[in-house]
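Protein chains get the first letters and strands the later ones, always in sequence-line order, with residue 1 at the start of each.
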Amino acid sequence: MTQRRILVTAALPYANGHIHLGHLVEYIQTDIWVRFQKLRGHKCVFICADDTHGTAIMIRARQEGRSEEALIADMRDAHICDFAGFDIEFDNYGSTNSETNRELCHEIWAALRNDGYVTEQSVTQLYDPKAGTFLADRFVKGTCPKCQAENQYGDNCEKCGSTYSPADLINPTSTLSGATPELRSANHLFVSIEKLHEFLEQWTQSGEHLQIEVANYLKGHFLGEPLRDWDVSRPAPYFGFEISDSPGNFWYVWFDAPIGYMASTMEWCRKQGENFDDWWREDKSQISNLKSQTSDLKSEISNLKSEIHHFIGKDITYFHTLFWPAMLKASGFKLPTKVHIHGFLTVGGEKMSKSKGTFVQAATYLKHLDPAYLRYYYASKLGPRLDDLDLSLDEFVDKANKQLVGGVVNIASRTAKFLGGKSLCETYPADGGLFLFAAAAHESIAEAYERCDYQTVIRTCKELCDRANAYLDERAPWTLAKQPDKAEEVRQICSVGLNLFRQIVVYLAPVLPRLAQQAGELLGAPISRWEDAQSPLTGTPIANFQHMLKRVELKQVQNMIEDSKPVELLTWVEQGDVPVPAVQSTDGPEALEKEPLVADLCSIDDFTKIDLRVARVVSAAHVEGADKLLQLTLNLGGELRRNVFAGIKSAYTPEQLVDRLVIVVANLAPRKMRFGVSEGMVCAAGGGGQEIFLLSPDCGAVPGQRVH
RNA sequence: GGCGAGGUAGCUCAGCCGGUUAGAGCACAGGCUUCAUAAGCCUGGGGUCGUGGGUUCGAGUCCCACUCUCGCUACCA
């Protein structure tokens, strides 16, 4: 088999949020594909990066009172940690906010300019005079002009489904500052891709690069009419790269994000001594020479050719299948070999929901469950199509226990103990053709992996498992083990069983890398190549069997869901309505009478669920338009900052708060408020109004300490 | 409205270029086994393959119509 050179990317996660189970459909799918290619002996490079630019990041950083760079650095660390926890192994994880990316953006931009793709047009947009920024649609809220429904965001109404311009909203307000936005126009830069219409038509419809339904979608939606120009610039202030030949304008985040694929590749190339051009630039001399070469040389040259595979969700189809190829084509870069598009994750047949606890973050999952279950589960449900993938919790438990533990691992579990400390037979015993049958399956399994049809892979492996388990059942080595003269026969049967186990683990290695590792250790020979499934292992020492994967209890899954539900927010921050006259400190019964003790007892477990921390107020500020709130930036130790809105304006001034220590509920679910997201709650006593008394630790406490 | 995908056992689905009595897992019923992480094996019940036409010696599989469900409908991450 000739070695392919394959560059694989997964979509860049946005630095505005944590990785959740929905993201993981993509990263697990892609990681499996990459591991498969590597196992097959191909040169495969897995590239990703954080997507860091745009208004959302800018606004959030502002709310948290820190720089965008600090925010995206934290987020990047969190993302990397989450991915590692799920055994998702990137060859390079970059950032779109890198010098390499800036340079590549400039290069591509210059090419677009030179070839006349860039035009300038005036755009009228809502502008927030208080926040000093133009407002993306989702930062504007108002009454629907069609059906009068209130509190509708952006450019469409959830109630009546109509779409409109945000400027048409009745009584629009900025969700950033509460100000009334005004219409302002500014010159934006556009890329005209209509010039490439014919090329895009041909590229998308060729049947080679896209799934058929995607090709049809593009044809039906976009290619039937002239392609609209793409607005790729945003006026300052904007967190991103300033456009060199258009000062005061920045590239829209979607312009520099896909270029991040290239930048991250370039970083990898520098580390590995690879040539970036081999991966991303079409070598014209090679291609033009091809026609005159012999077929031998042709195949040699095609070996040098590298492939580019993008894995994305269906929400960003448009960018990856029209703009991105257009940009690459226009600037002389190599086009994607294939764009693999998958559907969304639903949980229990419904969209993920924060209130139902089905919006599970990667880190929350890892607190409760082994990543192998999810990798296996997703694999068992993923096909080559764009269907949404449903996570059914019962089925999840079932697959993990019945198929993974009771099926696959059980083969080793029921045979290895008879060979612990001994070794496999020197020559592979007769097994009625089981090994050959499984070995012959490798081709169809490999084809299924190649086309991302993992459910077929799992289905096939399950059949192999059933055969192996039926074989063991029939031969019953445990019965023979009681007869000393049958020791050799037991060894033979177990050698067969363990070899069948090993084959299956080889086939599943892309899905279950840890299991492959453990199986290698058990059997005294690492699993490192696809071909390991083709010839039986003989004579190697067998280690004592240790559990490879625990069974799952439904309770663990339920706990994870509970853990993902937002904790009910105590609403005192939003109350404080009637100021109560100051009370003398007489230790009287008034306070108790007003708010009697809670009758329900709470367990120590209930209490420890609440993560109380010492924090220092780094900065405090009035919130424009808010009557009761102050915005606090808290330091929870080290670099950890939190943005908290506290309803304490009636009792404190910002100046009184800066630098003092407070007690904060650190694991309170973030709460979206009118002025931004509040990421915790400052503890205080008192009834509201003037009567709010912040809790403070005694001298000596430092930020980050937990309150017990 | 347009476009796309799909309607196969109680549930989740597989069925490639049309071909013998329509498959798997889960669930359910019965039996075997007790080596294994209360794991494993065998047997069974149960489906007019959305509806109606058509092509064909023969259709779940091709064509048409109808019907229902879901998704998408771009400058939003």
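By the 4.5 Å heavy-atom criterion applied to side chains, A:Leu434 and A:Arg467 are counted as neighbours.
Contact between the side-chain N/O atoms of A:Trp478 and the OP1/OP2 oxygens of B:A36 is not found at any separation under 4.0 Å. Side-chain N/O atoms of A:Lys399 include none lying less than 4.0 angstrom from OP1 or OP2 on B:G25. The side chain of A:His221 places no N or O atom within less than 4.0 Å of a non-bridging phosphate oxygen (OP1 or OP2) of B:U73.
In terms of modelled atom types and a separation under 3.5 Å, the side chain of A:Ser444 and the main chain of A:Ala441 share a donor-acceptor contact.
Aromatic ring centres of A:Trp254 and A:Phe319 lie closer together than 6.0 Å.
Residues A:Trp230 and A:Ser413 both approach RNA chain B. Their nearest nucleotides, taken by heavy-atom distance, put A:Ser413 toward the 5′ side. Both A:Leu549 and A:Arg385 lie close to RNA chain B; mapped to their nearest nucleotides by heavy-atom distance, the more 5′-ward contact belongs to A:Arg385.
Using modelled atom types and a 3.5 Å distance limit, the side chains of A:Asp50 and A:Tyr93 yield a donor-acceptor pair. Side-chain contact annotation: A:Asp390 with A:Thr346, donor-acceptor N/O pair under 3.5 Å present.
Nucleic acid contact for A:Asp51: sugar-phosphate only, since backbone atoms but no base atoms lie under 4.0 Å from a heavy atom of the residue. At the heavy-atom level, A:Lys219 lies nowhere under 4.0 Å from the strands shown. Contact annotation for A:Arg459: backbone-only contact, meaning every heavy-atom pair under 4.0 Å involves sugar-phosphate atoms and none involves a base. Heavy atoms of A:Tyr318 sit under 4.0 angstrom from at least one base atom. Within the nucleic acid shown, A:Phe323 has no heavy atom closer than 4.0 Å to any nucleic acid atom.
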| query | Can you give the dot-bracket line for RNA chain B, using ( ) for pairs inside the strand, [ ] for pairs that cross earlier ones, | for pairs with another strand and . for unpaired bases, where Watson-Crick and G-U count if both distances are under 3.5 Å? | reply | (((((((..((((.....[...)))).(((((.......))))).....(((((..]....))))))))))))....

| task | Go through the steps for A:Gln29 and A:His342 under the test side-chain hydrogen bond (donor to acceptor under 3.5 Å, both in side chains), then give the verdict. | result | CA-CA 9 Å; A:Gln29 178 188 45; A:His342 61 80; 4.6 Å; no

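The side chain of A:Ala470 lies closest to B:C41, out of B:C41, B:G25, B:A74. Comparing atom distances between the A:Asp388 side chain and each of B:G71, B:C76, B:G40 picks out B:G71 as nearest. Distances were taken from every side-chain heavy atom of A:Asn410 (C-beta onward) to each of B:C72, B:A39, B:G4; the shortest belongs to B:A39.
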